[in-house]
Amino acid sequence: MENCLFCKIIKEDIPCYKIYEDEFTLAFLDISNNPEGHTLVVPKVHAENLFDVNEQVYKAVENTVRKVSKHYKDIGYADGINTYINSGKQAGQEVMHLHVHIIPRKENDGIVFSHTPNVSKQELSKTQEKLKLNN
Ligand code: AMP
């Protein structure tokens, strides 16, 4: 898609620090390098985010996320991995081309993904009623 930063990277109009590529996906270093090794995985066909990506494309992206994550562990670069997707501006998405963030984690790296205390069962049930999705 014209004017899409990650489409330009895929077309090689803009350079990137490539980690892995296959027919459907590309993985490259996040320019922030924060933390070191922060990697993005994108589909080669343009999809804005989780809301409009089709199942086949999403599966290809997830497969590359798995492959790259496992590689980082296998070469001893990461002890663990966090992955996340920002979908929608309100969720902090800045580049409107679907991308999965891979954050390599090391023992005592000081990165905190905080957990809030558990809520009551009643509250959880109420939320469940609001959110249930039938198969
Ligand atoms: P998000 O907030 O989920 O849309 O994340 C966008 C990410 O893209 C940020 O972590 C940026 O650091 C990263 N980014 C922006 N421009 C580039 C670029 N040219 N190459 C690699 N990563 C980039």
Side-chain angles (χ1 to χ4, degrees):
M1 180 180 268
E2 228 176 306
N3 289 328
C4 168
L5 176 63
F6 289 170
C7 285
K8 286 180 185 165
I9 288 177
I10 290 157
K11 280 196 292 176
E12 297 183 349
D13 290 345
I14 293 178
C16 74
Y17 295 86
K18 192 197 296 185
I19 299 295
Y20 174 80
E21 180 175 19
D22 62 23
E23 194 182 344
F24 304 108
T25 65
L26 176 68
F28 55 96
L29 291 180
D30 190 297
I31 207 167
S32 71
N33 207 30
N34 180 25
E36 188 193 285
H38 183 164
T39 302
L40 301 175
V41 177
V42 301
K44 287 188 173 175
V45 294
H46 184 86
E48 197 158 278
N49 51 36
L50 274 182
F51 303 129
D52 74 335
V53 65
N54 79 44
E55 195 172 327
Q56 198 186 3
V57 170
Y58 185 59
K59 273 189 182 157
V61 170
E62 279 299 320
N63 198 40
T64 296
V65 169
R66 184 189 58 80
K67 219 177 240 182
V68 171
S69 300
K70 197 169 162 346
H71 168 63
Y72 288 172
K73 187 151 190 340
D74 288 347
I75 63 173
Y77 186 76
D79 303 317
I81 294 280
N82 291 110
T83 63
Y84 65 91
I85 300 171
N86 297 327
S87 281
K89 287 200 165 67
Q90 299 78 356
Q93 184 176 10
E94 285 176 4
V95 179
M96 302 312 278
H97 181 125
L98 175 71
H99 51 284
V100 180
H101 295 258
I102 298 178
I103 307 293
R105 301 296 305 275
K106 301 197 179 86
E107 190 82 26
N108 302 319
D109 61 14
I111 298 170
V112 179
F113 279 74
S114 68
H115 288 278
T116 48
N118 290 349
V119 297
S120 68
K121 287 179 181 168
Q122 206 180 11
E123 223 171 308
L124 281 173
S125 268
K126 262 202 237 162
T127 307
Q128 180 189 27
E129 278 311 307
K130 277 192 243 170
L131 299 182
K132 255 199 249 175
L133 172 68
N134 292 325
N135 197 338

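No experiment lies behind these values; they were computed from the predicted model shown. Read the numbers this way: they start at 1 and go in the same order the structure lists the ligands and their atoms. Below, all heavy atoms of this structure are taken into account, side chains as well, without hydrogens, waters or symmetry copies.
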Please tabulate, one line per pair, the protein N or O atoms found under 3.5 Å from any N or O atom of ligand 1, giving the distance to one decimal.
unit_1: ligand 1; atom_1: 2 (O); unit_2: G92; atom_2: O; d: 2.9
unit_1: ligand 1; atom_1: 2 (O); unit_2: E94; atom_2: N; d: 3.4
unit_1: ligand 1; atom_1: 3 (O); unit_2: N86; atom_2: ND2; d: 2.9
unit_1: ligand 1; atom_1: 3 (O); unit_2: H99; atom_2: NE2; d: 2.8
unit_1: ligand 1; atom_1: 3 (O); unit_2: H101; atom_2: NE2; d: 2.8
unit_1: ligand 1; atom_1: 4 (O); unit_2: E94; atom_2: N; d: 2.6
unit_1: ligand 1; atom_1: 4 (O); unit_2: V95; atom_2: N; d: 3.0
unit_1: ligand 1; atom_1: 4 (O); unit_2: H99; atom_2: NE2; d: 3.0
unit_1: ligand 1; atom_1: 5 (O); unit_2: H99; atom_2: NE2; d: 3.1
unit_1: ligand 1; atom_1: 5 (O); unit_2: H101; atom_2: NE2; d: 3.4
unit_1: ligand 1; atom_1: 10 (O); unit_2: D30; atom_2: OD1; d: 3.3
unit_1: ligand 1; atom_1: 10 (O); unit_2: D30; atom_2: OD2; d: 2.5
unit_1: ligand 1; atom_1: 12 (O); unit_2: D30; atom_2: OD1; d: 2.6
unit_1: ligand 1; atom_1: 22 (N); unit_2: I31; atom_2: N; d: 3.1

- Item | Donor-acceptor contact below 3.5 Å, side chain H71 vs main chain K67 |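 Answer holds: no.
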- Measure across C16 and I9 and return the closest heavy-atom pair with its distance rounded to 0.1 Å.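 Shortest heavy-atom separation between C16 and I9 comes out as CB-CG2, 3.6 Å.
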- Message: In this structure, is the centre-to-centre distance between the rings of F28 and F6 below 6.0 Å?
- Response: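 Yes - the distance between ring centres of F6 and F28 falls below the 6.0 Å cut-off.
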- Return yes if a side-chain donor-acceptor contact under 3.5 Å exists between Y72 and T39, otherwise no.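 There is such a pair (donor and acceptor under 3.5 Å, judged by atom type) between the side chains of Y72 and T39.
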- Query: Under a single-linkage rule joining Ile, Leu, Val, Met, Phe, Trp and Tyr whose side-chain heavy atoms are separated by less than 4.5 Å, which residues share a cluster with V119?
  - Reply: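 Joined to V119, directly or through intermediates: L124.
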- Message: I'd like to know whether E55 forms a salt bridge (charged side-chain N to carboxylate O under 4.0 Å, His left out) with K59, so could you lay out the CA-CA distance, the side-chain angles of the two residues, the decisive distance to 0.1 Å, and finally the verdict.
- Response: CA-CA 6 Å; E55 195 172 327; K59 273 189 182 157; 3.6 Å; yes
